[in-house]
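Quick notes on the structure that follows.
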Amino acid sequence: MSTVVAAPQSTAPPASGRRRTRLWVSVWLLVGLLALATARVVADADDIDSTGTLRAGLVLAMPIALAGLGGLWSERAGVVNIGLEGMMILGTLGAGYYTYHFGVWVGLLGAIAFGAIGGVLHAVATIVFGVDHIVSGVAINIIAAGAAAFLAEVFFSGLEGGGPTQSPSLPEPPSFDVPVLAEASSDLAEKGWFLLSDAGSVVAALTNNMSVFTLLAFAALAGSGWLLWRTAFGLRLRSCGESPSSAETLGVNVYRYKFLAVTVSGMLAGFAGCYLAVVASSGYANGQTNGRGFIGLAAMIFGNWRPGGLLAGSLLFGYTDAARLRSGGESVHALLLILAVGLLLLAVWQVRRGHRTSAIVAIVAAVVVAVWFALTDAIPGDFTQMTPYVTTLLVLSLASQRLRMPAADGLRYRRGEAG
Amino acid sequence: MNLLPRVGVGLAAPLLAIVVAGLVTSLVLIGVGDSVAEFWGVMFTVPSARLTVGIVNGASILYLSGLAAAVAFRMNLFNIGVEGQYRVATFAAAYFAGQALLPGYLNTVVTICVAMVVGAAWAGIAAILRVTRGVSEVISTIMLNAIAGGLVAYLLRELGDQQGQIRRTTTIPESSWVGGIPLIPGESSRVYGLAVLAVVAGIAFAVILNRTRFGFDLRATGRSETAAVASGVNVKRMVVSAMLLSGAVAGLIGMLDLFGNSHAYGSTIQVGVGFTGIAVALLGRNNPVGIALGALVFAFLSAQSNALGIEAGISPEIVAVTQGVIVLSVVIAYEVVRRYQVRIEQRDVARALERDRAREAGALS
């Protein structure tokens, strides 16, 4: 994925720039791993980077990444899509119905089709009628939640193992182990060696019991990155999000590109819903998405409207979500240590840049977190549940100054109104 | 002469939206094989006296929620976090009032202030993140909703008492309760006494927005930020004030039921009010009278839908679809009407210019 991360704003990046970004990605990966390994030993929290936690993190990250990718398509074409949550809900419902009756693959198509309905609705409202994007998104979320709750009762009430609020348990898509690598890394992970075993855990999580849907999700990410940044089609689509009137003067049919982008956005959100219902859980349930569409949107913003960045954001959010699930109290408690050290480093960096107030804020926060870590053994369940949301807020408030969204994102466009 | 068609068009849009929503709902019901006739039969039964009181109560709660969203909407701020602000504020108020630090109605009045302050403070987090760190209030308020849920659950566990199956805060002393208003003679259930708050808030909203400098600045910033800056408005300060005001109104939402019915915060608290309020504000076009009508329509639909399951064998959830479609079609209808009005105006201007030019030509010759 690092090649996608590397692609800078211009279409033809200098090779050295790409290599430098690739280097930074490796450095950050190593730093993260080192932090996890240290926290594991110091706080004695084995589950913090056990293969199980990391695998759960990967599985929980994928729906967020797919929803974020949906947001990326839509916002790169200049349409803010807060209706992702609703489209994802439609996806879970479609997956529940079609997977139960026709199997995994038809289920995937059904989920994508259901998500696409939400996408088309959003496209018609925002592009054809020029409704405010956020207003339309809010309305779609209301419709989707209501429709899913109503249709779930119709679809699943009479079925064995199902009920008015949930589907029967669904068949899982095929999964596989990568030969040799899977076993070797699992063995290494169990040794408990500092850093080496932690690296083993990461590899084991990526090679054991890998779902085909996860591969498809990665393919969608890489494919979208290629399509949007390496082809003429992508350039035209992104030009609709940067300056639709200029695109229009160059002969691009802005309406058509925006419509297509928002529909694809809905389809990806539908896939996200399918993944959530079929891989991350064992069937459809009301309220299953639990704001993951919004977190996907946050991951996309965190990733600076780039596929590689949004994957990194999704992995972060998916990981914090998994950490709370697997011996949550202790794992999240150990994460506090990392947070405290991170804040301290941030303070040092701010001092060097001459930002004294931000540095003081960071130091105070670091001390508070460190005291919290020292005085407690575990974090109450209610707080561990908040982890992904707090992480989102923290990350956005620390990073948002460096982000740049598409210039015409969220603005109303009408043909022939170029100023 | 110009006013009548304008009012007519303004009313036509929401009515059209309700008709469209009715059609979509009927189509969905036909699609899944439920009886459309029975659905409408139940929905259009004349509500009993008891249900009427319920509709008025539901509408006054939704009205406050709609106002809270509308304050921010008027400035082009999207406070999606009304739900979280309402939950946190209601919990804080219930806990404070339950401590009975103050006697009688003094406790009630101070508690209402506490609720407004806490609601404003929770909204203030999003405001501060926006003006200092540039975080979109849409995302931050959504995250704060989820955090509010966890925080309140934690505090309830730490500070609440176990009463049978559910956990609640200490019950408010009876001297601070607010009695109901008998709306319909001979009916035992009553309208919340604090429904008066909704009326007061509505009037205050109208006065502040239309008759004060603050309101003018707020609307101006919403219409055109650059124009507002040029005329000396401090946009950052406006963002914070509008968000705080929105959160303060959100703090009021829970007071009606707290002092009129439940007298404590427990797991039975009504959820989703904040989200419905956003829909109501959109339906009412952020106008105090419009929001009242929108709140009544939504409260009517929700109250009538309760009988659907028993009398027609249809899941009451279908009404959520109706409500959602109303919102989407009404915003589309408003947009279509706006475009139509712009075209009419342009035509009038063109005609007037034409006339002037003809007159000038006549004077010259």
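Every chain is numbered from 1, with letters handed out A, B, ... down the list of sequences. No hydrogens, no waters, no symmetry mates; every other heavy atom, side chains included, goes into these values.
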Contact origin within B:I80 toward chain A - heavy atom pairs under 4.5 Å: side chain
Say you draw a straight line from CG of B:L282 to OG of A:S136; how long is it, rounded to the nearest 0.5 Å? 10.5 Å
Between CG of A:N141 and CG of B:L328, what distance do you get to the nearest 0.5 Å? 11.0 Å
For A:V154, give me all partners under side-chain contact (heavy atoms from CB on, under 4.5 Å), at least two apart in sequence or on another chain. A:F150, B:V32
The criterion is side chain to side chain donor-acceptor pair (under 3.5 Å); which residues satisfy it with A:S265, sequence neighbours excluded? A:N81
Under 4.5 Å heavy-atom distance to chain A, tell me which part of B:I142 shows up: side chain, backbone, both or neither. side chain
Kindly give the heavy-atom pair with the smallest separation between B:G150 and A:M386, and that separation in Å. C-CE, 3.4 Å
Chain A contact via B:V325 - which portion, at a heavy-atom distance below 4.5 Å: both
Which bit of B:R130 comes within less than 4.5 Å of chain A, counting heavy atoms only: side chain, backbone, both or neither? neither
Mind listing the closest non-hydrogen atom pair of B:I139 and A:A298 along with its distance? CG2-CB, 4.1 Å
Honestly, the part of B:D34 sitting under 4.5 Å from a heavy atom of chain A is side chain
Has B:R223 got more than 12 heavy atoms of other residues, nucleotides or ligands less than 6.0 Å from its CZ? no
Tabulate, in ascending numerical order, the residues of residues 285-297 of chain A having at least one heavy atom closer than 4.5 Å to a heavy atom of chain B, or enter 'none'. A:F294, A:I295, A:L297
Value for CD1 (B:I125) from CG (A:L393), rounded to nearest 0.5 Å, stands at 8.5 Å
Does any backbone or side-chain atom of B:L29 lie under 4.5 Å from a heavy atom of chain A? Answer side chain, backbone, both or neither. side chain
Provide the closest heavy-atom pair for A:A139 versus B:V327 in the form atom of the first, atom of the second, distance. CB-CG1, 3.9 Å
Check each atom of B:V331 against the heavy atoms of chain A and say whether the ones under 4.5 Å are side chain, backbone, both or neither. both
If the contact rule is any heavy atom under 4.5 Å from chain A, which residues of residues 270-279 of chain B qualify, in numerical order? B:I278, B:A279
Would you name the heavy atoms of A:F129 and B:E335 that are closest together and state the gap between them? O-CG, 2.7 Å
Part of B:Y154 lying under 4.5 Å from any heavy atom of chain A: both
